[in-house]
Amino acid sequence: RITLYFPNGFTPTVRTALLACIAEYLRDAAGAVTRGSVPWSRGWVAAGPELAAQLETWVAAAPANTPWDFVATGAAEDDEASPFHIEVVSAASWQQKTDGQLSYLTATFPVTWFSRREERMPALMLKWAGRVVARHGYGGFSFFLPTSRSACARIEGHVYQLALRHPGIELDYPVSQLQDVSDRPKGINWLTALGDELLDAVGGPDAVAAQLPDGARLHRYGGGAIIQLGAAPQIGDVVQHNVPESYAELNRLLQPIRV
């Protein structure tokens, strides 16, 4: 999963960037993404090749003070989960001004997706983070969850226990976390995006890079950087006393700016 939180989602520049990310995902996952929830219609619509263009047309006509959201999924039913899922909430200008609310983009992929592609996950996340100028975000292993909130609620306890056991698997409900992450990230993962202001709060990119665990790398994008912990994500298992040390080190390093 890749999840990015960013400000100014109501501006033409960021809207264009966000739409480019959505169009890229829908193109690459064509055939696997089968239906979408769109701002101009109630219920689900077919997720054909024209969906990205339809969304672009609608967004172009929407005023800056209009919030909107978008979901596309490969799940046939609301209580099913799919490895193909993209979700966007774009905050209105007044929501950001009065509440500090950010917008977000989150997308999931099959576990083996990037092993078959020339562009790997860190490169894709870096590209998307640069497009929307992410304030913070994360990427790595995550649970595939149903689109229905009631279905998610039914399995929440089981998923939570799995997340406690496996610290490298992200338990992610972006829409329910928006109010808590307006100015700081909720945690770290294999890939952790931090905007320039957050990097400066812990000494700046050079100071952060100098304190990273062995094997970690810092990739810059316009407005921030992504910290990558090793060549591949880790799951971990506290029952087996296996907590990825690099994850723990980065968590301690970023503790002052975390939620």
Side-chain angles (χ1 to χ4, degrees), residues 1-27 33 35-45 47 50-73 85-108 124-139 147 149 172-186 192-201 220-226 257 259:
R1 178 190 293 267
I2 293 173
T3 298
L4 298 168
Y5 294 91
F6 51 93
N8 304 320
F10 51 86
T11 64
T13 299
V14 178
R15 280 182 170 183
T16 298
L18 181 56
L19 289 166
C21 298
I22 295 171
E24 183 176 11
Y25 185 91
L26 293 179
R27 182 193 68 231
V33 173
R35 59 184 186 140
S37 174
V38 294
W40 63 85
S41 177
R42 300 183 67 178
W44 294 93
V45 300
E50 72 288 345
L51 187 59
Q54 292 173 341
L55 181 62
E56 182 178 356
T57 299
W58 186 92
V59 170
N65 63 358
T66 300
W68 58 275
D69 57 81
F70 171 80
V71 177
T73 181
H85 182 95
I86 185 169
E87 179 179 317
V88 168
V89 167
S90 181
S93 55
W94 62 267
Q95 290 176 309
Q96 181 172 313
K97 182 178 180 180
T98 59
D99 301 326
Q101 182 175 321
L102 299 178
S103 302
Y104 75 78
L105 160 68
T106 186
T108 61
L124 179 63
M125 182 170 167
L126 189 68
K127 178 171 63 179
W128 285 7
R131 281 176 178 170
V132 301
V133 193
R135 180 170 292 175
H136 55 78
Y138 36 82
T147 58
R149 292 189 184 183
D172 204 25
Y173 296 103
V175 71
S176 65
Q177 297 159 353
L178 271 174
Q179 297 303 317
D180 299 323
V181 298
S182 60
D183 58 354
R184 55 183 59 205
K186 74 181 183 74
T192 302
L194 298 172
D196 284 339
E197 288 187 9
L198 290 169
L199 286 169
D200 290 343
R220 294 304 306 269
Y221 61 85
I226 289 177
I257 59 170
V259 170

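By convention here, the first residue in the shown sequence is residue 1.
- Using a 4.5 Å heavy-atom cutoff, the side chains of Pro39 and Leu55 are in contact.
- With rounding to the nearest 0.5 Å, the separation of OH in Tyr173 from NZ in Lys186 is 10.5 Å.
- Scanning both residues, Pro67 and Trp94, for their nearest heavy atoms gives CD-NE1, 4.4 Å.
- A donor-acceptor pair under 3.5 Å is formed between the side chain of Gln96 and the backbone N or O of Asn8.
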Run the side chain to side chain donor-acceptor pair (under 3.5 Å) test on Trp128 and Glu24 for me, step by step, so that the C-alpha distance in whole Å, both residues' side-chain angles and the decisive distance to 0.1 Å come before the verdict.
CA-CA 10 Å; Trp128 285 7; Glu24 183 176 11; 3.0 Å; yes
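- In plain terms, the two heavy atoms of Tyr221 and Ala193 that are nearest each other are OH-CB, 4.2 Å.
- When all heavy atoms of Ala47 and Gly36 are compared, the pair lying nearest together is CB-N, 4.2 Å.
- Put simply, the side chain of Ser103 does not reach to within 4.5 Å of the side chain of Leu18, judged on heavy atoms.
- If you take CZ on Phe10 and OG1 on Thr66, they are separated by 12.5 Å, rounding to the nearest 0.5 Å.
- Considering CG of Leu105 and CG of Leu4, their distance stands at 5.5 Å, rounded to 0.5 Å.
- Residue Lys97 qualifies as open at atom NZ: its count of foreign heavy atoms under 6.0 Å is 12 or below.
- Here the shortest heavy-atom pairing between Ala107 and Tyr25 reads CB-CE1, 3.8 Å.
- Below 30°, between 30° and 60°, or above 60°: for His136 and Tyr5 the angle between ring planes is between 30° and 60°, a tilted geometry.
- In this structure, the side chains of Leu194 and Pro185 come closer than 4.5 Å at one or more pairs of heavy atoms.
- With rounding to the nearest 0.5 Å, the separation of CG in Asp172 from OG1 in Thr108 is 10.0 Å.
- A 6.0 Å sphere centred on CZ of Arg149 holds no more than 12 heavy atoms belonging to other residues, nucleotides or ligands.
- Between the side chain of Tyr104 and the main chain of Gln177, no donor-acceptor pair closer than 3.5 Å is present.
- Residues Phe70 and Leu19 fail the side-chain proximity criterion, which asks for heavy atoms closer than 4.5 Å.
- Taking both residues in full, the closest heavy atoms of Val133 and Gly222 are given as CG1-O, 3.7 Å, listed atom of the first, atom of the second, then distance.
- Two residues are said to be in side-chain contact when any heavy atoms from C-beta on lie closer than 4.5 Å; Val71 and His85 meet this criterion.
- Counting only heavy atoms from C-beta outward, the side chains of Val89 and Leu178 approach each other to under 4.5 Å.
- Under the 3.5 Å distance criterion, the side-chain polar atoms of Ser90 are matched with a main-chain donor or acceptor of Gly9.
- Looking only at distances, no side-chain donor or acceptor of Thr106 sits under 3.5 Å from a matching main-chain atom of Glu87.
- Atoms CG and CD1, from Asp183 and Ile257 in turn, are 10.5 Å apart once rounded to the nearest 0.5 Å.
- A distance of 9.5 Å separates OH in Tyr138 from CE in Met125, rounded to the nearest 0.5 Å.
- Looking at Leu51 and Val38, their side chains come closer than 4.5 Å, going by heavy atoms from C-beta outward.
- For the residue pair Leu102 and Arg135, the shortest heavy atom distance occurs at CD2-NH1, 3.5 Å.
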